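This structure is a prediction, so every number in the text was calculated from the model and none was measured.
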Amino acid sequence: MIRWLLNRKKKKKMQFRGGVIIVGSLLWEMTPEREKWRTLYLQMEQKTPVPVPIRYGRKSTSRMDTYTMIFSNHPSTKPGQAFIIELKDEIRSFRVLEKHAFAMAKAEGIWKDEITPIVNKRWGTVSLLINPQIDMKDKANADLIRNRWRKLYQTYSSFNPSIYNINSGDAPIIDQDGFLQLPWMEQMNNFDFLLTTPTVPDPHEALQPSAIANKMNDKNHWTYFNENIANGITTFQDDEIQALRP
């Protein structure tokens, strides 16, 4: 009993800092669900630009079949600019992190009508990126978060991370346990955990600027692209896309 009490006292209190990586309309779209999410969960006054491998690559029926943003480890994908925004809550338990994952899923449209909260649909998912130095800070609690996140993803028996690649031979964007497979950048160092929402490419090909621009020209719908540019979200192909405006 005495040893148990001593070990209990030695257990370190969980105190992690979390954020989200935002690409695309989660940053700027003024729908009630997304405005609510940004207001309740994020410190919007503190935006940190960060280079990440993103490109236009998912046909969106809600945006007149123009292309929205994907994360990509395809060899031709170069860094673009996204933003990290800090969570309002300190991560003092896995439940806090899970709450924010569910809230992001709600804002993204992944969790809609289901009674039980979810973070995964066939077209997109909420993933977790972990600071590679976290074990030096608090390995025991970091392992707790890792293990609970794995258990969360074990509930999605049909989850297939390979569909998030453009080509089958690409380095994975996300693994089977829902962990994002991107390099940890210097701009991320103030954070222990980062949530984000990779989506499945459609089509599974590395789109050229002409294909992206032609679709927006055909549909006369440049809204998504324009708002990304206006809000500082950029890709390596933007200049070439812009040059193809009518």
Side-chain angles (χ1 to χ4, degrees), residues 13-44 46-48 50 52 58 60 62 68-71 82-131 134 138 141-161 163-164 173-182 188 191-200:
K13 190 175 182 180
M14 187 183 293
Q15 291 180 302
F16 290 128
R17 189 177 182 186
V20 297
I21 304 173
I22 295 187
V23 301
S25 55
L26 280 181
L27 180 64
W28 47 261
E29 194 160 47
M30 302 301 284
T31 61
E33 197 66 59
R34 293 185 173 185
E35 286 190 273
K36 177 182 176 182
W37 172 65
R38 292 191 294 260
T39 299
L40 293 181
Y41 293 96
L42 304 181
Q43 298 188 36
M44 291 300 297
Q46 299 179 25
K47 293 192 302 182
T48 302
V50 60
V52 290
R58 177 174 175 78
S60 172
S62 65
T68 56
M69 207 78 76
I70 61 169
F71 289 95
F83 288 96
I84 300 172
I85 303 177
E86 187 172 359
L87 304 180
K88 284 189 173 180
D89 296 325
E90 186 176 49
I91 300 172
R92 295 179 175 270
S93 69
F94 178 75
R95 285 189 177 182
V96 174
L97 180 65
E98 185 180 51
K99 177 187 78 172
H100 280 279
F102 289 147
M104 193 172 196
K106 192 87 168 176
E108 186 66 84
I110 293 169
W111 173 27
K112 280 191 170 182
D113 303 322
E114 295 83 0
I115 296 174
T116 303
I118 60 172
V119 299
N120 176 256
K121 278 276 180 73
R122 59 180 178 79
W123 54 267
T125 198
V126 179
S127 62
L128 183 63
L129 184 62
I130 301 178
N131 189 323
I134 197 170
D138 185 353
N141 280 316
D143 283 343
L144 186 153
I145 295 288
R146 290 187 188 101
N147 291 334
R148 293 290 300 276
W149 190 263
R150 289 188 185 101
K151 287 181 180 179
L152 175 64
Y153 260 79
Q154 285 170 7
T155 65
Y156 305 115
S157 57
S158 62
F159 177 66
N160 179 8
I163 65 173
Y164 287 81
I173 279 292
I174 186 172
D175 70 13
Q176 189 67 49
D177 296 317
F179 295 109
L180 193 69
Q181 302 297 296
L182 291 183
M188 302 173 178
F191 298 89
D192 300 301
F193 297 104
L194 293 169
L195 296 165
T196 195
T197 53
T199 54
V200 176

Worksheet, complete the sentence: Sorted by chain and residue number, the side-chain hydrogen bond (donor to acceptor under 3.5 Å, both in side chains) partners of E98 (sequence neighbours excluded) come out as none
Practice prompt. Give a yes or no answer on whether the side chain of D177 reaches the backbone of F179 with a donor-acceptor pair at less than 3.5 Å.
Written response: no
Worksheet item: Who are the side-chain hydrogen bond (donor to acceptor under 3.5 Å, both in side chains) partners of Q43, not counting sequence neighbours?
Response: Q46
Practice prompt. For A142, check side-chain contact (heavy atoms from CB on, under 4.5 Å) against everything at least two apart and list the hits.
Written response: F16, I134, D135, R146
Worksheet item: Partners of R122 by side-chain contact (heavy atoms from CB on, under 4.5 Å), sequence neighbours excluded?
Response: none
Only pairs under 3.5 Å count here: list side-chain donor-acceptor contacts from residues 109-117, not counting sequence neighbours, and write none if there are none.
| from | atom 1 | to | atom 2 | distance (Å) |
| --- | --- | --- | --- | --- |
| W111 | NE1 | E114 | O | 2.9 |
| E114 | OE1 | K112 | N | 3.0 |
| E114 | OE2 | K121 | NZ | 3.3 |

Item to complete: Would you check if I145 and D192 make a side-chain contact, meaning some heavy-atom pair closer than 4.5 Å?
Response: no
Worksheet item: Excluding sequence neighbours, so at least two apart, what forms salt bridge (charged side-chain N to carboxylate O under 4.0 Å, His left out) with K151?
Response: none
Item to complete: Could you pull out all residues at least two apart from T155 that satisfy side-chain contact (heavy atoms from CB on, under 4.5 Å)?
Response: none
Worksheet item: With side chains defined as the heavy atoms from C-beta onward, is the minimum distance between M14 and V96 less than 4.5 Å?
Response: no
Fill in: Those residues that, when tested against E90, pass side-chain contact (heavy atoms from CB on, under 4.5 Å) (two or more places apart)
Q15, R92
Worksheet item: What residues, two or more places apart in sequence or in another chain, satisfy side-chain hydrogen bond (donor to acceptor under 3.5 Å, both in side chains) together with Y41?
Response: none
Discussion item. For W28, give me all partners under ring pair (Phe, Tyr, Trp, His ring centres under 6.0 Å), at least two apart in sequence or on another chain.
Written reply: Y224
Item to complete: Quick one: which residue pairs count as a salt bridge (Lys or Arg N to Asp or Glu O under 4.0 Å) with a foot in residues 101-111, not counting sequence neighbours?
Response: R34-E108
Worksheet item: Quick one: side-chain hydrogen bond (donor to acceptor under 3.5 Å, both in side chains) partners of N120, sequence neighbours excluded?
Response: T125
